[in-house]
Undergrad: 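I am attaching a structure below and will ask some questions about it afterwards.
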Amino acid sequence: MPGPGPLSGRAPDAAPRRRVAIVGAALSDCGRVDGPTPYALHAQAARRALADSGLDRSVIDGFASAGLGTLAPVEVAEYLGLRPAWTDSTSVGGATWEVMAAHAADAIAAGHANAVLLAYGSTARADIRARRRTANLSFGARGPLQFEAPYGHTLIAKYAMAARRHMHEYGTTLEQLASIAVQARANAAANPDAMFREPITVEDVLSGEMIADPFTKLHCCIRSDGGCAILLAAEDYVPDTAKRPVWILGAGTAVSHTSMSEWEDFTVSPAAASGRLAFGRAGLTPSDVDVAELYDAFTYMTLVTLEDLGFCPKGEGGAFAAKGRLLHDGDLPVNTDGGGLSACHPGMRGLFLLVEATRQLRGEAGPTQTLRRDGTPPEVAVASGTGGWFCSAGTVVLGRG
């Protein structure tokens, strides 16, 4: 008789899945960084994350990166002196890093890797100042985009149009959207690493230079330089790490559309799907979350993500945000470092969300540290990235070890 296996019709017992934690997290120099190359920022962030973990670089057998070079994970890994057996180069815009974290966590849990480094670095601001390029981002005009590009339908115009639809459907106001920028700046004011820290008012936002109706300049993310990295590892390594682990409790990913004509509802983002999956896999609900790090290329992105993750009903994001709930000492601290609207936004910001969430759960966020009502650091955080023009989403639920 054949033994256990495909011929017997009975699968062998599956190996138990390992728990996975973020054991190292760090930023490179951020803000105005004119000297280093993007590769150097990757390396600086990676070295700092490894030092933060207390582990030796020899444990790293997986690497994930996107946005630099022709063969991103291969070129950057070579620069870092790594020879990973597991790699990921998924590129779905700002959601890339949450999607990669989900992939890495699954790989580690299944035993396909032991420790995976995620690293990012960009000199988006410095490149433009030095005239190494003339624009921060271009998706070109091939494929489905050929049907929109002739009409001048830029990325920011797509977000602006979605915001207008939400305003039409639900009565969301410009003042409510502006309050999100004001609260992000207030959070940044306490962050010594934030690029912009001066307080702003709703009137400052409303009276600014128009970029794409209804977005004035302060509704839009800043352009900066910077990088960051996190190290995920199997539970086996946790006893040897220098810091308290931050566990991956659940993750979800989703894609929606690339052509605006294929987007069924401009007021619903793919975070509605990724969030539902992440919370379901974590066995938690939005009410369990103490702090949220959300992609905020534009104020409307924060608003609709709050709704789609379930922090408030659809259509009530404006009123929810306008009550000051997003401040680092508010009911639901959001983007505690100041976010992409004020702290840093070097291109794809998703990995910064995971770094800040890790720091918050460890209780080492310094002046921007949030606390629960009992004075203890947060227990549960969510990091949710958005890519393209609400084309993709990745949501990761994290818990303090």
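Everything quoted here is computed from the prediction, not taken from an experiment. Computed from heavy atoms alone, side chains included, the values below leave out hydrogens, waters and symmetry copies.
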Undergrad: Can you name the side chain to side chain contact (heavy atoms under 4.5 Å, CB included) partners of Thr70, sequence neighbours left out?
TA: Glu75
Undergrad: Restricting to side chain to side chain contact (heavy atoms under 4.5 Å, CB included), what partner residues turn up for Arg325, sequence neighbours left out?
TA: Phe320, Lys323, Asp331
Undergrad: Should Leu177 and Tyr300 count as side-chain neighbours, where that means a heavy-atom distance under 4.5 Å?
TA: yes
Undergrad: Considering all heavy atoms of both residues, which atom of Arg18 and which atom of Glu235 are nearest to each other, and what is their separation?
TA: CA-OE2, 3.4 Å
Undergrad: Tell me every residue that passes side chain to side chain contact (heavy atoms under 4.5 Å, CB included) with Pro144, counting only those two or more places apart in sequence or in another chain.
TA: Thr258, Ser259
Undergrad: Quick one: side chain to side chain donor-acceptor pair (under 3.5 Å) partners of Thr37, sequence neighbours excluded?
TA: none
Undergrad: Would you confirm whether Arg57, through its side chain, and Gly81, through its main-chain N or O, come within 3.5 Å as a donor-acceptor pair?
TA: yes
Undergrad: Which residue pairs pass the salt bridge (charged side-chain N to carboxylate O under 4.0 Å, His left out) test with at least one member in residues 332-346, sequence neighbours excluded?
TA: Asp337-Arg349
Undergrad: Is a side-chain donor-acceptor pair under 3.5 Å present for Arg185 with Ser342?
TA: yes
Undergrad: Is it possible for you to check whether Arg32 lies under 6.0 Å from the centre of the six-membered ring of Phe196, through NZ or CZ, and within 45° of that ring's axis?
TA: yes
Undergrad: Any donor-acceptor pair under 3.5 Å linking the side chain of Ser392 with the backbone of Val92?
TA: yes
Undergrad: Say whether Thr305 and Asp308, considering side chains only, have a donor N or O and an acceptor N or O under 3.5 Å apart.
TA: no
Undergrad: Measuring only between side-chain heavy atoms, which start at C-beta, is Phe279 closer than 4.5 Å to Pro286?
TA: yes
Undergrad: Can you name the residues that form a side chain to side chain donor-acceptor pair (under 3.5 Å) with Asp329, not counting sequence neighbours?
TA: none
Undergrad: For residues 394-401, dump all side-chain donor-acceptor pairs below 3.5 Å to protein atoms at least two apart in sequence or in another chain.
TA:
from: Thr395; atom 1: OG1; to: Ser274; atom 2: OG; distance (Å): 2.8
from: Thr395; atom 1: OG1; to: Ser384; atom 2: OG; distance (Å): 2.9
from: Arg400; atom 1: NE; to: Pro378; atom 2: O; distance (Å): 2.9
from: Arg400; atom 1: NH2; to: Pro377; atom 2: O; distance (Å): 3.3
from: Arg400; atom 1: NH2; to: Glu379; atom 2: OE2; distance (Å): 2.7

Undergrad: Do Asp236 and Asn114 have side-chain heavy atoms sitting under 4.5 Å apart?
TA: no
Undergrad: Tell me which pairs pass salt bridge (charged side-chain N to carboxylate O under 4.0 Å, His left out) where either residue lies in residues 248-273, with sequence neighbours left out.
TA: none
Undergrad: Please report the closest heavy-atom contact between Phe390 and Thr386, naming both atoms and the distance.
TA: CD2-CG2, 3.6 Å
Undergrad: Determine yes or no for a side-chain-to-main-chain donor-acceptor pair under 3.5 angstrom, with Asn187 supplying the side chain and Gly338 the backbone.
TA: no
Undergrad: Taking side chain to side chain contact (heavy atoms under 4.5 Å, CB included) as the test, write out the residues that go with Glu78, two or more places apart.
TA: none
Undergrad: Quick check, are the ring centers of Tyr120 and Trp97 under 6.0 angstrom apart?
TA: yes
Undergrad: Does the side chain of Leu332 come within less than 4.5 Å of Val291's, by heavy atoms?
TA: no
Undergrad: Do Val116 and Leu231 have side chains that get closer than 4.5 Å, going by heavy atoms?
TA: no
Undergrad: Do His168 and Phe266 have side-chain heavy atoms sitting under 4.5 Å apart?
TA: no
Undergrad: Is a side-chain donor or acceptor of Asp61 paired with a backbone partner of Pro84 at a separation under 3.5 angstrom?
TA: no
Undergrad: Mind checking what makes side chain to side chain donor-acceptor pair (under 3.5 Å) contact with Thr370, not counting sequence neighbours?
TA: Gln360
Undergrad: List, one per line, each side-chain donor-acceptor pair under 3.5 Å for residues 209-220, sequence neighbours excluded.
TA:
from: Asp213; atom 1: OD1; to: Arg164; atom 2: NH2; distance (Å): 2.8
from: Thr216; atom 1: OG1; to: Val205; atom 2: O; distance (Å): 2.5
from: His219; atom 1: ND1; to: Thr299; atom 2: OG1; distance (Å): 2.8

Undergrad: Of all the heavy-atom pairs spanning Asp240 and Leu55, show the shortest one and how long it is.
TA: O-CD2, 3.8 Å
Undergrad: What donor-acceptor contacts under 3.5 angstrom involve side-chain atoms of residues 21-30, with partners at least two apart or in another chain?
TA:
from: Ser28; atom 1: OG; to: Gly227; atom 2: N; distance (Å): 2.7
from: Ser28; atom 1: OG; to: Gly227; atom 2: O; distance (Å): 3.2
from: Asp29; atom 1: OD1; to: Arg48; atom 2: NH1; distance (Å): 3.4
from: Asp29; atom 1: OD1; to: Arg48; atom 2: NH2; distance (Å): 3.1
from: Asp29; atom 1: OD2; to: Gln44; atom 2: NE2; distance (Å): 3.3

Undergrad: Side chains of His166 and Thr172: donor-acceptor distance under 3.5 Å anywhere?
TA: yes
